[in-house]
Amino acid sequence: MESPRSEMMLIDGIWRNASDGGTVDVENPANRAVVATVPKATADDLAEALAAAERVRGSWSETNSWQRSAILRRAANNIRERLDEIALLLTEEQGKTLPEARGEVNSAAEQFDWYADEARRIYGRTVEGPLGSVRAEVRHEAIGPVAAFTPWNFPVMLAARKLAPALAAGCPIILKPAEEAPSACLAMVRAVADAGVPAGAIAAVTGDPAFVSATLLDSPIIRKVSMTGSVRVGQILMSLASKHMAAVSFELGGHAPVIVCDDVDVKAVAALAVRTKYRNAGQVCVAPTRFLVARSILDEFEAEFTRASAALALGDGMDGASEVGPLCSARRHDDFAALVEDAVSRGAVATTGGVSLREKLGGHFYAPTVLRDIPADARVLQEEPFGPVALLVAYDDLNEAVELANNTQFGLAGYVFTDDVSRAQLLSERLRVGMVGVNTFAIANAAVPFSGVGLSGMGAESGAEGIQMYLRPKTVVTGISETLH
Ligand code: NAD
């Protein structure tokens, strides 16, 4: 058996080990073999990353935006050139299929392309106040050093969503990739650093997440915290950020409703929904989860959904025949299995799945699962399942569908399937979410904001809004003579 790869961290322009040599193991979720180790950052290592960020904050924010843009463009090109290498690491550690991994790396490159353009579009404005003798200008300045925390479900793309706008805005950024799947993210950071980002303006530190976050956010150097992950960790980071009043933005997951109206091509919508539901084994914050289906078409929808779910091929993401990979970790597998068991024990019916395939397939696999007749008190209706389960719920009229859709504290994505333009319009207005897909699940790309309401978080990533998270306004009011001499 091959010995595990030794990954390194990037601190002040140097790829290195932890100062005391400590490491953390990384597992392949498809076969549970240890495939890599990452350094376990010490307080000294983190202090060096912070000092380097502080040292370059002025020079990086003052770098001409056209220069920053050129660096980001090179970063996008480097990522694309290394796409195969990064995608293989991603599949090995995260479990998603290789085509999905390639798609993710490509989306990361798109973030850098998009923000290469946005870097040159940080516009201010001039405004007229009530007095004739002053002129006012509003400038947008880099907010300062950023601490970014990204999860394991899209370890490359979600890190790119923070690195690209932060660097475009002129902020140094210290990233902590998820320890469950760090290697692909570190390879992407290398591609970005190699594009010419100055030493200290980009760092990647690995290790114990609680220690890293508590140490970084204890420093007044950090002026912005951006995190994607669970509500639990978001709450911890928000309270740590309050110590020095660092700005925050969070993307904390969802529980997406899908309203399927009675006027659709039922089989076509079910087929599309199945293709989307099990992407990344369901570990997607905008995954369609609660299917609210008009009662008159529920049986047909359920039959097609169940048939297509049961037909999916599970296996190691490296195997070209696999359509769905394992869950990312033992913890994710067990938490997910417990949610399904809770629903079934309360009376929900699994029309397919409902079983772990860990014993059979060796990795953290769980069968694609469809549940119906789910009692209102089942935890899965309120907690984000983050795994391969579709919840089917019948509605009798569209007002009831809206009520069911909004009956959660999450509000990230929502979807509506109908051929009626008025229904589409009104339902998209009434869903309490940050993003609505009408007759599509493809709602996210680098050009449009990605954001949620309620427990789904605050702030936005991607789009023109994304860069604003790393800028702060500065007002300059200049007194002038009212006459021209
Ligand atoms: P978790 O909260 O235990 O861990 C998630 C990530 O947060 C880990 O990769 C870890 O690096 C990091 N983390 C943990 N403690 C931290 C701390 N104190 N400071 C900084 N980072 C810390 O969650 P989990 O068990 O991996 O997943 C549970 C739930 O999280 C899922 O059901 C899902 O709801 C949510 N989640 C959402 C997203 C998303 O894309 N929004 C991504 C991952 C997980």
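The shown structure was predicted, so the numbers you read here are calculated from the model rather than taken from an experiment. Counting convention: from 1, in listed order, for ligands and their atoms alike.
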Quiz item: Do any N/O atoms on Leu252 end up under 3.5 angstrom from N/O atoms on ligand 1?
Solution: no
Quiz prompt | Option nearest atom 4 (O) of ligand 1 (shortest heavy-atom distance, choices Glu251, His255, Arg331, Gln283) | solution = Arg331
Quiz item: So which of Cys328, Gly253, Pro385 gets nearest to atom 41 (N) of ligand 1, if we judge by its closest heavy atom?
Solution: Gly253
Quiz prompt | Heavy-atom proximity to atom 31 (C) of ligand 1, best of Phe154, Phe386, Phe336, Phe211 | solution = Phe386
Exercise. Could you say whether the N/O atoms of Thr150 and ligand 1 ever approach to under 3.5 Å?
Key: no
Self-check item: Residues Arg82 and Glu85 bridged, charged N to O under 4.0 Å
Solution: no
Exercise. Please find out if less than 6.0 Å separates the ring center of Trp152 from that of Phe386.
Key: yes
Quiz item: So, for atom 29 (C) of ligand 1, does the protein have a heavy atom nearer than 4.0 Å?
Solution: yes
Exercise. Would you check whether Asn153 has a nitrogen or oxygen atom less than 3.5 angstrom from a nitrogen or oxygen atom of ligand 1?
Key: yes
Quiz item: Parallel, tilted or perpendicular: which describes the rings of Phe336 and Tyr366, with under 30° parallel and over 60° perpendicular?
Solution: perpendicular
Self-check item: The one among Ser456, Ser230, Ala214 that brings a heavy atom closest to atom 35 (C) of ligand 1
Solution: Ser230
Self-check item: Residues which pass side chain to side chain contact (heavy atoms under 4.5 Å, CB included) with Ser213, listed by chain and number, not counting sequence neighbours
Solution: Phe149, Leu237, Leu240
Quiz item: Do the rings of Phe291 and Phe301 sit parallel, tilted or perpendicular, given the 30° and 60° boundaries?
Solution: tilted
Exercise. Work out whether the distance between some heavy atom of Lys176 and some atom of ligand 1 is less than 4.0 Å.
Key: yes
